[in-house]
Amino acid sequence: MGNINSRKTIRKYTQKDISDTLLKQLLDEAEHTPTMGNLQLYSVIITRNADMKAQLAPAHFSQPMVEGAPVVLTFCADFRRTTLWAINRKATPGYDNFLSFLNAATDTLLYCQTFCNLAEAKGLGTCFLGTTIYNPQAIIKTLCLPQLVMPVATITLGWPDEQPALSDRLPLNSIIHQEVYNDYTPERINEFYTAKEQLEENKYFVEINNKETLAQVFTDIRYTKKDNEAMSVGLLEALKQQGFL
């Protein structure tokens, strides 16, 4: 049994299956997550088939856990179901806009997080793939997503076959603000980030990337302005294609 204080991202899984009964139980329990207007603006695509996982893998930069996990779950912001319900009940929907996407995406991410918490409490391992919004059009095509359905999160799911170290986290004081936002001075940045920068694995990370600081690894290599802008174009095109812009 896992708990939030010991949770780890799991990228390697055993070949032990996840029963439909257990998977559906977890997805059902996660439905108690808060949701806007009690509309549940999400859908989940369950991928078990090896060929389908292979088709999804390139959209996730071919990270090995996509094909290695027993189950891949794609969580989609879904205003299509609500829209069709309205049309079929003599109502006039107006959810083909960006605000509706944000509402549905929020619902979806809340549902996804609840599912992960429940799954990990059962001993399952998960890995959240942020690549879902980097290459949404490939995922839309592979999963045959219609208009007003947009992928926003992907989870690989399985029984853990590794025990990685806990990831470091910033101190609580770095993220909380009393009453109003308290901006970050150079002194506060030093206070909050020095411990992270001094971790041996992070110092090694800087060294192997031939950089001076850990921040440079993120800005110059991992999440560059050029890549962010290029993927933003693709994301906006996908939102237009799916009818949210």
Are W159 and I18 side-chain neighbours, meaning at least one heavy-atom pair lies under 4.5 Å? yes
Step-by-step side-chain hydrogen bond (donor to acceptor under 3.5 Å, both in side chains) determination, T213 to E197: CA-CA 8 Å; T213 69; E197 293 165 339; over 6 Å; no
Would you say Y204 has more than 12 foreign heavy atoms packed within less than 6.0 Å of its OH? no
Indicate the atoms forming the closest heavy-atom contact of K211 with I221, along with that distance. CE-CD1, 3.9 Å
V44 with L110, same ILVMFWY side-chain cluster at under 4.5 Å: no
Over 12 non-hydrogen atoms of neighbours within 6.0 angstrom of NZ in K12: no
Output a table of donor-acceptor pairs, distance under 3.5 Å, between side-chain atoms of residues 67-75 and any protein atom two or more places apart or on a different chain; print 'none' if there are none.
none

Over 12 non-hydrogen atoms of neighbours within 6.0 angstrom of NZ in K24: no
At what distance, to the nearest 0.5 angstrom, does CG of D107 lie from CG of N38? 9.5 Å
Is the number of heavy atoms from other residues, nucleotides or ligands under 6.0 Å of E201 CD greater than 12? yes
Measuring from atom CG of L199 to atom CG of D168, what distance do you get when rounded to the nearest 0.5 angstrom? 5.0 Å
Not counting sequence neighbours, which residues clear ring-ring contact (aromatic ring centres under 6.0 Å, His included) with F79? List them please. Y95
Closest approach of T132 and L129, non-hydrogen atoms and distance? OG1-O, 3.0 Å
One pair to check against side-chain contact (heavy atoms from CB on, under 4.5 Å): Q25 and L118. What are the steps and the verdict? CA-CA 10 Å; Q25 174 193 335; L118 293 168; over 6 Å; no
Between F218 and Y193, is there a shared hydrophobic cluster once you connect ILVMFWY residues whose side-chain heavy atoms come closer than 4.5 Å? no
Would you name the heavy atoms of C116 and I155 that are closest together and state the gap between them? SG-CD1, 3.5 Å
Can you name the residues that form a ring-ring contact (aromatic ring centres under 6.0 Å, His included) with H32, not counting sequence neighbours? none
May I ask you to test the F244-L148 pair for a side-chain heavy-atom distance under 4.5 Å? yes
Determine, using the 4.5 Å side-chain heavy-atom cutoff (strictly less than), whether L84 and M150 are members of one ILVMFWY cluster. no
Identify the two heavy atoms, one from L41 and one from T35, that lie closest to each other, and give their separation to 0.1 Å. N-OG1, 4.2 Å
Would you sort out whether Q55 and T47 count as a side-chain contact (heavy atoms from CB on, under 4.5 Å), showing the intermediate values? CA-CA 11 Å; Q55 290 181 50; T47 303; over 6 Å; no
CG (L166) and OG1 (T9) are apart, to the nearest 0.5 Å, by 10.0 Å
Can you find a pair of side-chain heavy atoms, one from T154 and one from T131, that are under 4.5 Å apart? no
Please answer whether the main-chain N or O of Y42 pairs with a side-chain N or O of R81 as donor and acceptor at a distance below 3.5 Å. yes
For the residue pair R222 and F205, what are the closest heavy atoms and their distance? CD-CZ, 3.7 Å
Between Q216 and N210, is there a side-chain heavy-atom distance shorter than 4.5 Å? no
P136 and Y134: which non-hydrogen atoms are nearest, and at how many Å? CD-C, 3.3 Å
Decide yes or no for L239 and F98: does some side-chain heavy atom of the first lie under 4.5 Å from some side-chain heavy atom of the second? yes
Donor-acceptor side-chain pairing of N117 and Q113 below 3.5 angstrom: yes
I45 side chain near M52 side chain, heavy-atom distance below 4.5 Å: no
Counting only heavy atoms from other residues, nucleotides and ligands, does the tally under 6.0 Å from NZ of K141 exceed 12? no
Quick one: sort the H177 and Y184 rings into parallel, tilted or perpendicular, breaks at 30° and 60°. perpendicular
Would you kindly say whether E237 and Q241 are connected by a side-chain donor-acceptor distance under 3.5 Å? no
Flag the pair F61 / N135 as yes when at least one side-chain heavy-atom distance between them is below 4.5 Å, and no otherwise. yes
Checking the side chain of T106 only, and the main-chain atoms of L102 only, is there a donor and an acceptor separated by less than 3.5 Å? yes
F192 side chain near N173 side chain, heavy-atom distance below 4.5 Å: yes
Quick check: is L245 connected to M231 through a chain of hydrophobic side chains (ILVMFWY, heavy atoms under 4.5 Å apart)? yes
